[in-house]
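Per chain, numbering begins at 1; letters A, B, ... match sequence-line order. As the structure is a prediction and not an experimental result, all values here were calculated from the model.
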Amino acid sequence: MSKTRKILRILAKTYPEPETALTHESPFQLLVATILSAQCTDQRVNIITEKLFADYPTVWKMVTLPLPELEKYIRSAGLWQTKASNIKKTCQRLIEEHNGEVPADQRALMALPGVGRKTANVILANAFQIPAIAVDTHVLRVANRLGLANSKSPDHTEEQLMKIIPKKDWADAHHWLIFHGRKICKARKPLCHACPLRDLCPSSTALETDPQEE
DNA sequence: AACTCGGGGCA
DNA sequence: TGCCCAGAGTT
């Protein structure tokens, strides 16, 4: 079995619930939640969307929400204010250019305000079951440390991961690597001593923090 | 490639 | 206080 397979098998066992934690009932709701999820954990996003989607569940409803009102939702979670106007503009453009539907196409998604490659891939994988790997800061860091990729470029890392990870695992691998990056393989002071992948990781020795360190 | 945006939460 | 956070857009 390849090293990649071994890593995926361990991750699947360690993080058995790979589904996105973003609560949503439609591609549109997932799109809004994913835009919000930048610089913010899913848990906090769900606090916003629980109220937001209750009153404005569809693009047709949300487009009627005045920007200042939308900003109040955003501000309550400490998110970048530009997200509010991006969501507002995205609602308008979905209606004007896509008949109110979320396009199942990467380029069309990325053309929307506030939607980059990462957000687009999350939508494709989780709303449309189109295989895609979203490389965020966690995935990028973990993949590099594990030796699955060797690049500072998310786009390049995405290409490498798509080559070595079986397509059926793409959506799950995204979540496995993110969970692992948050809980164990943290940017600072990674918990290598508690890492189920330590024996497979070329970086574990170098990253192991001094137990005496405060 | 580097920079900005931005505030709540937590140590 | 200081530091972190499931990015995107602009220069």
Heavy atoms under 4.0 Å, any strand shown: does [X] hit a base, just sugar-phosphate, or nothing?
{"X": "A/Gln81", "answer": "sugar-phosphate"}
{"X": "A/Leu36", "answer": "nothing"}
{"X": "A/Thr34", "answer": "nothing"}
{"X": "A/Val45", "answer": "nothing"}
{"X": "A/Thr41", "answer": "sugar-phosphate"}

I'd like to check A/Leu112 versus A/Thr119 (side-chain heavy atoms, cut-off strictly below 4.5 Å). Are they in contact?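 Answer no - side chains too far apart.
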Check whether any side-chain heavy atom of A/Leu177 lies under 4.5 Å from a side-chain heavy atom of A/His175, and answer yes or no. no
[X] [atom1] to [N] [atom2]: how many Å, rounded?
{"X": "A/Leu140", "N": "B/dA1", "atom1": "CG", "atom2": "C1'", "answer": "15 Å"}
{"X": "A/Lys83", "N": "B/dG7", "atom1": "NZ", "atom2": "P", "answer": "13 Å"}
{"X": "A/Met110", "N": "C/dG7", "atom1": "CE", "atom2": "C1'", "answer": "12 Å"}
{"X": "A/Arg182", "N": "C/dC5", "atom1": "CZ", "atom2": "C1'", "answer": "9 Å"}
{"X": "A/Trp80", "N": "B/dT4", "atom1": "CH2", "atom2": "C1'", "answer": "9 Å"}
{"X": "A/Lys189", "N": "C/dC3", "atom1": "NZ", "atom2": "C1'", "answer": "12 Å"}
{"X": "A/Lys72", "N": "B/dG7", "atom1": "NZ", "atom2": "P", "answer": "16 Å"}
{"X": "A/Leu79", "N": "B/dG9", "atom1": "CG", "atom2": "P", "answer": "11 Å"}

Can you name the residues that form a salt bridge (Lys or Arg N to Asp or Glu O under 4.0 Å) with A/Glu158, not counting sequence neighbours? A/Arg117
Report the nucleotide, chosen from C/dC4, C/dC5, C/dG7, that has the shortest atom-to-atom distance to any side-chain atom of A/Arg44. C/dC5
Do A/Leu31 and A/Leu67 land in one hydrophobic cluster if side-chain heavy atoms of ILVMFWY residues count as linked below 4.5 Å?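 Hydrophobic grouping puts A/Leu31 apart from A/Leu67.
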For C/dA8, does OP1 or OP2 lie under 4.0 Å from any side-chain N or O of A/Thr119?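 Indeed, a polar side-chain atom of A/Thr119 lies that close.
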Can you tell me if the side-chain N/O atoms of A/Arg188 get under 4.0 Å from OP1 or OP2 in C/dC4? yes
Sticking with atom C1', work out how far B/dG8 lies from C/dG9, rounded to a whole angstrom.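 Result for the C1' pair: 23 Å, nearest Å.
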Taking A/Thr157 for its side chain and A/Pro154 for its backbone only, find out whether a donor-acceptor pair lies under 3.5 Å. no
